[in-house]
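The block underneath contains the structure these notes are about, expressed in structure tokens.
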Amino acid sequence: MTTTGQQQQSSSGNTGAGDASTGSRSGGPGPSDALAAEKVEAIGIEYSYLLSTQLDTQRAFYEDQKKELERTVEEEKRVQNELREQISTLEKEKGKADDKASKMGELARKLEKELREEKVMTSGLKKNLDRLQEKVDAGETERKELKDKVNELSDQLRDVMFFLEARDKIEAATAGGEASGSKDEELAEAAGGSVVVPPPKETASRRRRKK
């Protein structure tokens with residue numbers, strides 16, 4: 001655009017020169033020629049000013065656009081760097097989560113194995129407890145039978161002691177000759193009685209031993 005203005009000025013100058021030469025050939029430039037030259041020069045100056053102003057405005061506009069683009073590029077770079085850092089952090093966290101999940105899986109498998117073993121052990125213990133309970137029940141039954149036998153033997157022992165005591169009294173009365181008639185009858189009745197010891201009852205333990 002500056003070149004065009006220079007060309008126009010040059011053209012104007014050439015035109016003026018041509019007019020001057022024509023005027024010189026015709027006897028010198030006239031007033032109209034001088035006025036035309038001034039107008040051409042004023043137009044050239046105004047055009048140069050407008051062109052310069054327009055170029056300055058365009059230069060300022062493009063410089064602002066360039067700065068804005070540079071800021072946008074810097075912002076994009078910053079965002080990209082932040083995204084890279086976030087991706088790196090997420091990858092690290094994902095790795096930790098994977099390790100933790102792997103450990104939790106191993107722990108779950110271990111606990112499941114221990115639970116199965118504990119169930120087997122619990123089942124064995126329950127069977128042992130059932131067998132022990134059966135033995136306890138059998139022992140309780142045998143204890144009751146032994147208690148009944150002891151009671152029975154106590155009754156028999158009491159009868160024997162009563163018999164022995166009566167016999168001793170009879171022997172003492174016979175030796176001293178102090179027994180009265182009624183008392184003699186009582187002693188005779190006691191002496192004439194007999195103590196019968198029944199055979200022992202067969203307990204459940206003995207029945208099991210016979211089997």
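The basis for the numbers below is simple: all heavy atoms, side chains too, and nothing from hydrogens, waters or symmetry mates.
- By the 6.0 Å contact criterion, CD on Q80 is enclosed, its count of non-hydrogen atoms from other residues, nucleotides or ligands being greater than 12.
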Inset, instruction - May I have the step-by-step check of side chain to side chain contact (heavy atoms under 4.5 Å, CB included) for S102 and D98, ending in yes or no? - result: CA-CA 6 Å; S102 178; D98 292 339; over 6 Å; no
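- Here the side chain of T72 pairs a donor or acceptor atom with the backbone of E68 at under 3.5 angstrom.
- Looking at L111 and L115, their side chains never come closer than 4.5 Å, going by heavy atoms from C-beta outward.
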Legend entry - Derivation and outcome, side chain to side chain contact (heavy atoms under 4.5 Å, CB included), residues T122 and K126: CA-CA 6 Å; T122 302; K126 188 175 183 302; 5.5 Å; no
Inset, instruction - Dump the intermediate steps for side chain to side chain contact (heavy atoms under 4.5 Å, CB included) on E82 and R78, then the final yes or no. - result: CA-CA 6 Å; E82 290 180 355; R78 185 185 65 79; 2.5 Å; yes
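- Note on E140 versus R143: salt bridge recorded, some NZ/NE/NH1/NH2 to OD/OE distance being below 4.0 Å.
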Inset, instruction - Begin with the C-alpha distance, continue with both residues' side-chain angles, and end with the deciding distance and a verdict on salt bridge (Lys or Arg N to Asp or Glu O under 4.0 Å) for R116 and E112. - result: CA-CA 6 Å; R116 288 197 299 268; E112 185 178 2; 3.5 Å; yes
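- Note that the CD1 atom of I87 and the NZ atom of K92 stand 13.0 Å from one another [nearest 0.5 Å].
- Salt-bridge annotation for R59 and D56: present, with a side-chain N of the basic residue lying under 4.0 Å from a carboxylate O of the acidic one.
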Inset, instruction - Could you check T89 against Q86 for side chain to side chain contact (heavy atoms under 4.5 Å, CB included), going step by step and ending with a plain yes or no? - result: CA-CA 5 Å; T89 302; Q86 291 179 1; 5.6 Å; no
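- A donor-acceptor pair is defined here as one N or O able to donate and one able to accept, closer than 3.5 Å; such a pair exists between the side chain of T57 and the backbone of T53.
- A salt bridge between D130 and K127 is absent, with no side-chain N of the basic residue lying under 4.0 Å from a carboxylate O of the acidic one.
- Taking CG from L55 and CG from L50, the interatomic distance works out to 11.0 Å, rounded to the nearest 0.5 Å.
- With no hydrogens or angles considered, a side-chain donor-acceptor pair links D137 and Q133 at under 3.5 Å.
- Here E165 pairs with K169 in a salt bridge; the nearest charged N to carboxylate O distance falls below 4.0 Å.
- Atom-to-atom distance recorded for E91:CD and E93:CD is 11.0 Å, nearest 0.5 angstrom.
- With rounding to the nearest 0.5 Å, the separation of CG in L90 from NZ in K94 is 11.0 Å.
- Taking CD of E118 as the reference point, atom CG of L125 lies at 9.5 Å (rounded to 0.5 Å).
- In the hydrophobic cluster analysis, where Ile, Leu, Val, Met, Phe, Trp and Tyr join through side-chain heavy atoms closer than 4.5 angstrom, F163 is grouped together with V160.
- A distance of 10.5 Å separates NZ in K149 from CD in E142, rounded to the nearest 0.5 Å.
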Legend entry - Step-by-step salt bridge (Lys or Arg N to Asp or Glu O under 4.0 Å) determination, R158 to D155: CA-CA 5 Å; R158 186 173 60 253; D155 294 338; 3.0 Å; yes
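- Ion pair E63/K67 not flagged as a salt bridge, since none of the NZ, NE, NH1 or NH2 atoms sits closer than 4.0 Å to an Asp/Glu carboxylate oxygen.
- M161 and I170 sit in two unconnected hydrophobic clusters of ILVMFWY residues. Membership requires side-chain heavy atoms under 4.5 Å apart, directly or through other members.
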